[in-house]
Amino acid sequence: MIFAMSGVSGEIDVVFLGAVAELLDAAGVRYEQRGAPVRRRERPKLGLWVTLPGEGAYAIVTVTGIVPDEETGWRRARFPHDSDPTAGFEVAFHERPFRTRGHPFAAAAERRLGVQPEDVVAIVREWLSWQDNWSIPVVPPDEATRVRRLARLAKARREAQDLRVDVDLDPLLLAWLERDQGNTARKLIDELFLPGIRWRFPRDLTGRLASRATVLLHECSPPTHPLRKGIWLAVEGPAPRAAAGLTVRLVQASSLRAQHRWDSMPEYWHAGDRDLDALWGVRPGTGRALIAGATDALLAGRPLEALTMCGIGVDPRAGRLLAGRPDNFQLREWTDRWVTNAVDLLSRSAPWRWHDAVAPGRRPRRLESLGGYNTSRRPGLFLLHRKGSPYLSFDQSASCLVTPRTDWERDPDYDLVRLGLLERAHIPLGSPDALSSSDGTP
């Protein structure tokens with residue numbers, strides 16, 4: 001292979017890279033010769049660019065001065081401190097998601113040094129299979145564990161009939177309400193559907209009431225700015241290690257950051273005109289067969305199939321995770337945790353109902369965080385509106401906007417009835433439930 005000088009590299013670089021190019025040709029690895037990204041104040045360099053799996057990922061081979069190092073074997077020579085360096089190779093993994101100022105590939109995800117051309121080819125061949133090496137099988141949540149958790153939930157809900165529900169209104173917050181707002185709040189309190197509140201209040205994995213959980217029921221006074229807090233009528237759970245009981249209060253809360261909101265589900269706590277089928281998402285065009293098929297796919301570890309059935313778009317990054325593949329090279333060690341959490345999250349979802357949860361012009365809202373990394377770039381699955389339909393994306397963001405659980409999560413009652421742990425007639429509802437099947441199956 002003969003290289004042109006291109007005005008960016010010296011003769012020694014051309015000779016050394018020519019040896020690497022011959023080995024790449026022999027191994028059947030395709031590459032491109034062009035100028036390589038360099039650090040500030042470094043002379044221009046010639047590089048060999050090898051396309052790697054990933055989003056705009058490349059391995060870039062350059063010639064550099066190296067010196068022996070006791071810890072790593074070799075390190076880059078620092079001029080003029082290292083006066084007698086050895087000519088060697090630097091192989092850098094670059095990918096587009098991690099851009100910095102200047103050259104779009106200036107920040108390398110990983111750099112390795114070598115002396116022989118064979119070392120360079122071995123590194124490149126290793127990186128060519130990095131996605132397969134770091135991929136994991138998509139494993140559905142353990143069915144026995146899920147059934148035991150739902151059995152505890154069914155038992156707790158049946159035993160919640162005598163659960164104490166107190167009303168404790170803050171006089172100051174009540175005084176901040178206008179007359180009509182205060183009258184509405186008092187009227188709603190008088191008409192609370194307590195059996196529904198006791199039944200559906202969030203619970204932990206053991207079936208106990210979720211401590212310090214707050215469920216927003218009705219916004220009594222909207223905030224002066226969308227990002228500020230309004231005054232809500234809410235139900236609060238018990239303090240940790242306190243006696244089981246619920247308290248209805250007026251609280252200051254931001255509706256954009258609340259995971260538990262029942263203002264769109266008045267049947268849960270007040271009164272409404274929808275039956276269980278409507279609350280579970282059974283509508284014209286979304287029949288029971290589609291819901292049952294999507295649920296089976298989610299519980300079997302086939303989330304992409306279920307999302308396609310429900311007409312949900314998926315961005316490439318979320319698609320890679322839900323297929324068990326790493327998001328990118330730099331964060332490849334998080335693949336196991338993120339894939340497991342994403343599949344578990346979607347196993348509890350109701351994607352057929354997401355069409356009502358998104359609207360044009362809204363910013364993406366987080367379903368749940370997937371854990372790990374740092375607070376300024378919390379990874380998570382986000383729901384947004386794109387081209388007339390819901391769209392699921394994976395992103396790393398510090399955004400505090402969340403999608404309420406009632407908008408994206410499957411009602412546990414659906415699974416309880418499906419497993420035969422409850423009958424539809426046992427489920428309290430703020431409106432008559434028109435049973436559409438005599439056998440009690442969803």
Side-chain angles (χ1 to χ4, degrees), residues 1-131 133-134 326 328-333:
M1 177 64 64
I2 300 176
F3 286 89
M5 292 293 291
S6 303
V8 297
S9 188
E11 181 177 356
I12 189 172
D13 291 13
V14 175
V15 174
F16 273 55
L17 290 178
V20 175
E22 291 180 0
L23 293 178
L24 291 176
D25 286 332
V29 178
R30 302 183 63 180
Y31 58 88
E32 181 183 355
Q33 169 203 349
R34 52 192 166 108
V38 295
R39 296 181 177 90
R40 189 174 296 179
R41 297 181 182 179
E42 286 187 339
R43 66 179 177 85
K45 287 186 176 183
L46 189 66
L48 299 181
W49 296 57
V50 180
T51 303
L52 299 176
E55 185 179 353
Y58 292 86
I60 305 177
V61 183
T62 56
V63 178
T64 188
I66 60 177
V67 294
D69 183 78
E70 294 181 358
E71 295 182 1
T72 60
W74 295 97
R75 63 171 175 82
R76 289 190 62 174
R78 294 189 288 266
F79 298 100
H81 306 291
D82 299 317
S83 58
D84 190 20
T86 300
F89 300 97
E90 180 180 79
V91 192
F93 193 116
H94 294 266
E95 50 189 348
R96 285 188 182 274
F98 298 93
R99 296 190 177 188
T100 58
R101 294 182 180 180
H103 198 288
F105 295 90
E110 185 173 327
R111 298 178 186 270
R112 295 192 192 179
L113 301 174
V115 179
Q116 301 296 329
E118 291 80 3
D119 300 334
V120 173
V121 176
I123 295 172
V124 170
R125 297 186 69 172
E126 175 189 340
W127 285 350
L128 282 171
S129 59
W130 77 270
Q131 275 198 348
N133 294 339
W134 286 92
N328 55 66
F329 181 81
Q330 185 170 356
L331 302 179
R332 60 195 182 280
E333 294 181 357

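A quick note: this is a predicted structure, and the numbers were derived from the prediction, not measured.
Between atom OG1 of residue Thr62 and atom CG of residue Leu46 there is a gap of 9.5 Å, rounded to the nearest 0.5 Å. We find the CH2-CG distance between Trp127 and Asn133 to be 13.5 Å, quoted to the nearest 0.5 Å.
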Check against side-chain contact (heavy atoms from CB on, under 4.5 Å), Asp119 and Leu113: CA-CA 9 Å; Asp119 300 334; Leu113 301 174; over 6 Å; no

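Tested against Trp74, the residues Asp69, Val67, Val115 include a single side-chain contact (heavy atoms from CB on, under 4.5 Å) partner, Val115.
Counting heavy atoms from C-beta on, the side chains of Ile60 and Val91 never come closer than 4.5 Å. Looking only at side-chain heavy atoms (C-beta outward), Phe93 and Leu52 come within less than 4.5 Å of each other. Annotation: side chain of Ile123 is not in contact with side chain of Val120 (no heavy-atom distance under 4.5 Å). Side-chain contact check for Leu23 versus Glu118: some heavy-atom pair is nearer than 4.5 Å.
Closest non-hydrogen pair, Lys45 versus Val63, comes out as NZ-O, 3.3 Å. The two residues Ala19 and Pro117 make their nearest non-hydrogen contact at CB-CG, 3.9 Å. The two atoms that bring Val61 and Val124 nearest to each other are CG2-CG2, 4.4 Å, heavy atoms only. Nearest heavy atom pair, residue Phe89 against residue Thr64, reads C-CG2, 4.1 Å. When all heavy atoms of Ile66 and Gly114 are compared, the pair lying nearest together is CD1-O, 3.8 Å.
Panel note: side chain Trp130, backbone Pro53; a donor-acceptor pair is recorded below 3.5 Å. A donor-acceptor pair is defined here as one N or O able to donate and one able to accept, closer than 3.5 Å; no such pair exists between the side chain of Glu110 and the backbone of Ala92. Checking side-chain atoms of Glu95 against main-chain N and O of Gln330 turns up a donor-acceptor pair under 3.5 Å.
A salt bridge is defined here as a Lys NZ or Arg NE, NH1 or NH2 lying under 4.0 Å from an Asp or Glu carboxylate O, and Arg112 with Glu90 fails to meet this definition.
The six-membered or imidazole ring of Tyr31 lies away from that of Trp49, with a centre-to-centre distance of 6.0 Å or more.
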